[in-house]
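Only one structure is covered here, and it is reproduced in the block below.
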Protein chains: 6
Amino acid sequence: MTHVPDEGMVLVPGGTLITATPEEGRALAITLARHTVHNLQPDLEILRAGRARYGEDPMGLIAAAQVVALEFATVAAANGYWR
Amino acid sequence: MTHVPDEGMVLVPGGTLITATPEEGRALAITLARHTVHNLQPDLEILRAGRARYGEDPMGLIAAAQVVALEFATVAAANGYWR
Amino acid sequence: MTHVPDEGMVLVPGGTLITATPEEGRALAITLARHTVHNLQPDLEILRAGRARYGEDPMGLIAAAQVVALEFATVAAANGYWR
Amino acid sequence: MTHVPDEGMVLVPGGTLITATPEEGRALAITLARHTVHNLQPDLEILRAGRARYGEDPMGLIAAAQVVALEFATVAAANGYWR
Amino acid sequence: MTHVPDEGMVLVPGGTLITATPEEGRALAITLARHTVHNLQPDLEILRAGRARYGEDPMGLIAAAQVVALEFATVAAANGYWR
Amino acid sequence: MTHVPDEGMVLVPGGTLITATPEEGRALAITLARHTVHNLQPDLEILRAGRARYGEDPMGLIAAAQVVALEFATVAAANGYWR
């Protein structure tokens with residue numbers, strides 16, 4: 001088994017929810033979702049096979065987008081919506 | 001592979017969650033959801049094939065509408081609900 | 001293709017989340033969800049065929065009710081819960 | 001077609017989200033979810049057939065419970081959590 | 001039909017969302033979800049058969065855990081997060 | 001049946017939602033989700049079999065990541081987003 005690299009296992013890269021811009025906050029939301037998955041399944045081969053499958057399945061992409069939306073809600077609130 | 005154009009990859013187009021009206025906020029919510037999907041799957045042919053499939057599947061449309069609802073909750077809160 | 005009429009494409013009919021009553025707020029939540037779907041799939045024939053399918057499928061109705069619940073959470077917060 | 005009775009079509013029975021107790025708030029959450037479904041599908045025969053199906057399907061019951069949880073979050077916030 | 005016992009039908013056992021500890025709040029969240037299901041399907045035999053099915057299905061367990069997460073969000077907010 | 005060890009049954013390990021860092025808060029969110037599942041299904045053999053199944057299924061991993069996102073929203077709010 002090829003293990004996800006150590007940096008992919010960090011749950012909150014950077015150790016903070018605070019970002020300079022909404023764009024960075026959105027990128028953090030995607031990273032949070034991805035690193036959760038790495039922790040649930042750290043086998044890189046299985047992850048790659050799964051990514052190929054859900055990436056061609058519209059329901060998989062929509063489900064993943066929903067997780068990103070939920071993570072972003074938290075990141076945005078943490079940043080006072082960058083107002 | 002035909003890649004999603006650069007502007008379709010920007011996670012938060014305009015770089016802000018603040019909009020002048022609820023209508024624009026709603027449009028932003030749809031764009032946020034779409035650009036997440038672009039980042040998860042940047043191959044335009046696969047995206048087009050998938051859009052044709054979920055667009056004729058009521059469960060796919062409802063799932064997509066749910067993501068928009070979640071994104072809009074964040075955008076609306078960011079804008080103080082345009083009160 | 002028969003296109004959804006223009007008024008069905010407006011994302012936030014009335015241009016505001018503020019309503020006089022919870023009943024109107026709830027109706028707005030349903031409309032918001034429906035008009036999202038119109039924007040994702042503006043072909044009226046496909047929409048009608050899909051509505052017939054999900055409308056007889058309990059899982060489809062429950063999924064649609066979930067989107068309405070999410071939209072209503074935002075509308076209700078916008079209105080200070082009509083307290 | 002037998003139509004859902006008029007009172008089953010009211011989106012917010014009682015016209016308010018405010019209830020005297022958590023128990024009543026929870027009952028309202030269930031009613032809100034049910035009446036959404038009535039508005040999406042007002043044919044009583046189809047509803048009864050669907051209820052029989054999802055009521056014996058654990059995934060259907062869990063999905064319905066999720067909608068109730070979402071509605072209750074809104075009702076509870078409206079009531080200041082009955083503190 | 002064997003009916004769920006009366007105490008299993010109470011939507012908010014104890015009549016309050018306030019608990020002494022997070023542990024009790026979490027237990028309440030699970031109970032809220034379970035008692036919703038009892039109200040949607042009060043036939044004990046059907047419930048037991050369904051519990052056996054979803055309890056061996058990882059997607060069923062994850063879906064149930066999602067409902068608990070949603071209920072807990074409300075209970076935790078009601079308790080000011082026990083801070 | 002091999003039962004989940006006692007410590008795996010505690011719903012809120014540590015008895016608090018407060019953590020020193022976002023990283024610990026995220027780990028708590030994962031633990032909360034896992035221990036809910038332990039309480040719904042305390043048979044370790046069934047859990048292990050299910051984990052193997054959902055862990056190789058991208059939709060299972062995405063669904064699990066969604067539960068973690070929901071739990072984390074609560075933990076993050078409890079901690080004032082560690083600002």
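None of the values given here were measured: they were computed from a predicted structure. In the text below, chain A, chain B and the rest are named by the order of the sequence lines, each starting its count at 1.
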Heavy-atom contact with chain E under 4.5 Å, split by part of F:T36: side chain
Whether over 12 other heavy atoms sit under 6.0 Å from E:R53 CZ: yes
Option that, when pairs with chain E are counted at under 4.5 Å, heavy atom only, ranks first among F:L11, F:V75, F:V68, F:V10: F:L11
Nearest-0.5 Å distance, NE2 of residue E:H3 to CE of residue E:M9: 4.5 Å
Contact origin within E:I62 toward chain F - heavy atom pairs under 4.5 Å: both
Flag, side chain of E:Q66 to backbone of F:V67, donor-acceptor distance under 3.5 Å: no
Charged N-O contact under 4.0 Å between F:E71 and E:R26: yes
F:L40 side chain near E:Y54 side chain, heavy-atom distance below 4.5 Å: yes
Test item: F:W82 side-chain N/O and F:T19 main-chain N/O as donor-acceptor pair under 3.5 Å: yes
Residue E:A29 versus chain F: region with a heavy atom under 4.5 Å: neither
Portion of F:A77 that has a non-hydrogen atom of chain E nearer than 4.5 angstrom: both
Under 4.5 Å from any heavy atom of chain F - which part of E:A76: side chain
Which atoms of E:R51 approach chain F - backbone, side chain, both or neither, heavy atom under 4.5 Å: neither
